[in-house]
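Quick notes on the structure that follows.
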Amino acid sequence: MKAAIMIKALGYAAKHSYSRLKPLEFEREEAQANEIEIEVLFCGVCHSDIHQVKNEWANTVYPCVPGHEIVGRVTRLGPGGTRHAVGDLVGVGCMIESCRHCDPCQSGDQNYCEGPNSWLSTYNGPMVPAAKAPNGGNMYGRDNTFGGYSDVIVVNEDFALKIPANLKPEVAAPILCAGATTYSPLKHWGVKRGDKVGVIGFGGLGDMAAKIAKAMGAQVTVFTTTTQKLEEATRLGIKGVLESDKEAMKELSSSFDFMLSTIPEKHDINPFIELLKRDSTLCIVGALEPMAGVNNAAVAFHRKRVAGSLIGNLADTQEVLDFCAEHSIGPDIEIIDIQDVDDAFKKVEKGDVRFRYVIDMASIKRDKSV
Ligand SMILES: [Zn+2]
Ligand SMILES: [Zn+2]
């Protein structure tokens, strides 16, 4: 086999769990059959980037170049590629490959891939690394993948989404993760016009969840812990409730058709189960860790459901991009330079950011040695 030709890439990487992100020169394989090379224009800052960089899920492969809310321009096609053309604006979300053979993949749910290594994450390698795979192997041949905090990325064309013409690239970026993660469960549980939808947490995911549910015609209520975010909700024309407001919480008892928890860490969901109607679902998308116990009396007495959902499949990700373009909605964003990413991480961690930071990747040119 011919050795792959490598291309130079420059990214921002963490070398270990307590390191700041610093420039890292590395190489990527040139676009192979059905792959495309993309010049990264913008990359959103997702809370999971921070979890991953700090090894909070105990699975980080270093050096870690995060970033899975990528929008860029196609600069080169590998042999045989037909889905995109040079010059196209495309997006890459959390996944860059899946096994393509398992039941979920065959049904289009690549994000629930049950192949030996599950799906290949845009950064940090396969979801199930070789050490944990049943056969001890890695079908993707790469233990680490480098994400969108970089100037260039190469992915299979099937895993690149089309950015609608009337969506600004910097606004489209966070839709690739935050948009897909919230749109997918709203669609799966059939949220429709007139439904009462509760959104728990009002950060980057909550912002998208509230806007999408509203555009679907639902009556949306967001639940937050700060008066500042309550005011933000009002500004957006969305009803807000303080979680600590016992009286308001009581009044909403048994009134919601669907609830989505977007809080990025473990929290008590029992007060929200009380707010669900009979036969309704509370879905958790933010926290990916053990949660405190659920009071099953509240669940069983009214046949309620507590569920989870992970990002979105490729079709849903394309759909939510198109949906946002059609309804003229998108995340509230603040554009930053890559050199300021550590400060952005700190603010996101403190939880006082409702908007999404989006990195203007042109800023990385300043770190080029030549
Ligand atoms: Zn994300
Ligand atoms: Zn699969």
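Both ligands and their constituent atoms are indexed starting at 1 by order of listing.
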Taking everything shown except His101 itself, do over 12 heavy atoms lie less than 6.0 Å from its NE2?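 Incorrect, the count does not exceed 12.
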Would the number of heavy atoms belonging to other residues, nucleotides or ligands and lying under 6.0 Å from CZ of Arg235 be above 12? yes
Angle at the Zn ion (ligand 2) between SG of Cys99 and SG of Cys113, to 10°?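 For SG of Cys99 and SG of Cys113, the angle centred on the Zn ion (ligand 2) reads 100°.
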Given atoms SG of Cys102 and SG of Cys105, what angle do they subtend at the Zn ion (ligand 2), to the nearest 10 degrees?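 Taking the Zn ion (ligand 2) as the apex, the two atoms subtend 100°.
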For the Zn ion (ligand 1), does an N/O/S atom of Cys46 lie at less than 2.8 Å?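 It does; at least one qualifying atom falls short of 2.8 Å.
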Is Cys94 close enough to the Zn ion (ligand 1) to have an N, O or S atom under 2.8 Å?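 No.
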Centre-to-centre under 6.0 Å for Phe146 and Tyr12, is that the case here?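 No.
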Cation-pi between Lys196 and Phe256: NZ/CZ under 6.0 Å from ring centre and within 45° of the ring axis?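 Because its charged atom sits under 6.0 Å from the ring centre and within 45° of the axis, Lys196 does stack over Phe256.
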